[in-house]
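Keep in mind that what you see is a predicted model, and the values were worked out from it rather than measured.
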Amino acid sequence: MSPPTPRLRRALLVLTTALAALLCALAPLPAAADSPADTDPADTARAAGDGPADWTARPAGGGADRDARPYVYLEGTPGTALQDRLAVTNSGRAPLTVRLRGDGRAGAWIGFAADTVTVPARTRAEVPLALTVPPDAVPGDASGEVVADDGDEEIRVPVRVRIGGPTLAALTVEDVEISGGTIRYALVNRGNAMLEPRLAVRADGMFGTLLDRPERPLPLELAPGRRVERTEPWPDAPALDAVTVRLRVTAPGGARDEAEASATYLPVAPAVGGGLLVLGGLALLGSGAYRRRRTRRGDPEPPGAESADDRQPTTETRPLVKAGPLVKAGAES
């Protein structure tokens with residue numbers, strides 16, 4: 001079989017390049033591993049009283065452990081001083097010394113009667129604390145922590161402050177992305193009130209609804225100005241489809257927002273196999289067309305033969321004859 005003509009080779013090369021670019025554009029990227037940013041810091045913080053077995057720290061005023069307050073809660077207007085007490089219980093057999101400090105926005109407003117406290121063995125000590133709301137504080141909710149540290153381990157006691165005045169509940173869902181069987185998104189508290197978000201998820205494909213999760217509460221509290229990145233698992237994501245995912249978030253107080261993202265699912269192995277089949281078909285079609293064209297033109301010339309078109313034109317060279325003077329008949333010499 002005669003080799004393809006240069007024009008046919010160029011056509012096959014262009015088709016191959018275009019098909020390869022299409023496959024690369026449609027193939028989904030591998031799912032990235034979950035990053036530490038997906039974990040809510042509030043979920044990993046140690047709860048009040050969950051400390052070493054021989055000592056605890058918690059808000060004072062509760063009776064038995066089951067009746068203890070889970071966090072310090074205070075209410076006031078800007079410029080006021082609010083008071084509470086922290087209970088440190090040493091159940092060990094040796095004296096315990098702990099250092100106290102505030103952490104977070106509301107924690108920076110806290111002052112203690114003593115920053116370092118020594119508690120005798122099998123004794124409970126209550127430390128007074130005062131929280132002063134700044135005069136320019138924005139009405140709404142503020143959060144922080146009281147940290148008790150014995151040098152080896154620490155216990156964090158949550159602090160919640162409700163600042164009097166008009167409040168605004170505002171929540172946004174941002175940066176929605178679809179990666180394989182994972183939906184990534186971010187929640188941002190745009191108001192001045194503490195929010196407990198709720199999430200609903202819906203995914204629609206070319207032939208109908210693929211995912212429809214009703215609204216449910218998320219395990220987090222979103223402080224004013226805080227941004228949290230989260231993931232939503234989708235283990236039964238389609239293998240071949242074009243989908244649009246919509247997220248709807250709400251929170252008490254009228255906060256509400258929606259966002260969406262689209263993605264195309266295309267299995268890589270079948271796509272590559274189909275591409276090879278297409279290329280093979282194009283090559284067969286091109287070879288058949290070439291053979292048919294050669295057949296219509298007749299059998300090829302034998303090797304070494306020249307066609308009429310290949311012969312170069314020749315010029316015949318004749319000797320030049322020099323003409324002498326004309327002699328008339330009968331002229332005298």
Side-chain angles (χ1 to χ4, degrees), residues 28-29 31-45 47 70-71 73 75 104-106 137-145 156 158-206 208-238 241-265:
L29 295 176
D34 287 344
S35 62
D38 298 331
T39 304
D40 181 13
D43 296 337
T44 60
Y71 50 81
Y73 179 77
E75 293 184 358
R105 180 188 174 195
V138 177
D141 296 327
S143 63
E145 292 175 319
R156 292 177 173 266
V159 177
R160 302 285 185 265
V161 182
R162 171 62 59 87
I163 305 171
T167 60
L168 172 64
L171 175 66
T172 60
V173 54
E174 304 174 359
D175 300 333
V176 181
E177 295 180 358
I178 308 170
S179 178
T182 303
I183 303 171
R184 302 178 182 275
Y185 63 98
L187 297 178
V188 184
N189 187 341
R190 300 292 184 181
N192 58 12
M194 187 75 67
L195 299 180
E196 296 179 357
R198 300 176 64 89
L199 174 70
V201 183
R202 180 184 177 92
D204 295 311
M206 293 186 295
T209 301
L210 303 174
L211 179 66
D212 191 3
R213 295 177 182 171
E215 186 175 273
R216 73 183 193 279
L218 297 178
L220 64 90
E221 286 186 331
L222 203 59
R226 185 181 174 194
R227 173 189 174 94
V228 176
E229 296 182 355
R230 296 184 58 85
T231 59
E232 182 77 8
W234 190 7
D236 53 349
D241 206 343
V243 301
T244 299
V245 173
R246 296 178 177 84
L247 302 184
R248 184 181 73 251
V249 293
T250 61
R256 177 187 179 92
D257 193 30
E258 294 184 3
E260 66 180 39
S262 299
T264 300
Y265 288 85

Taking the side chain as every heavy atom from C-beta outward, state whether [X] and [Y] have any atom pair closer than 4.5 Å.
| X | Y | answer |
| --- | --- | --- |
| Arg202 | Leu211 | no |
| Arg226 | Leu195 | no |
| Leu199 | Val173 | no |
| Leu247 | Val245 | yes |
| Met194 | Ser143 | yes |
| Leu171 | Asp257 | no |
| Trp234 | Leu210 | yes |

Exercise answer: donor-acceptor pairs, residues 162-169 side-chain atoms, under 3.5 Å, sequence neighbours excluded:
unit_1, atom_1, unit_2, atom_2, d
Arg162, NE, Asp141, OD1, 2.2
Arg162, NH2, Asp141, OD1, 3.2
Arg162, NH2, Asp141, OD2, 3.3

For [X] and [Y], work out which heavy atoms get closest and say how close.
| X | Y | result |
| --- | --- | --- |
| Asn189 | Ala193 | ND2-O, 2.9 Å |
| Tyr265 | Pro238 | CD2-O, 3.2 Å |
| Ala251 | Pro197 | CB-CA, 4.4 Å |

_Using the salt bridge (Lys or Arg N to Asp or Glu O under 4.0 Å) criterion, which residues pair with Asp236? Sequence neighbours excluded._
none
*Point-to-point distance, once rounded to the nearest 0.5 Å, from CD of Glu260 to CD1 of Ile178*: 9.5 Å
_Residue pairs, two or more places apart or on separate chains, that pass side chain to side chain donor-acceptor pair (under 3.5 Å) and touch residues 191-201_ = Arg198-Glu215
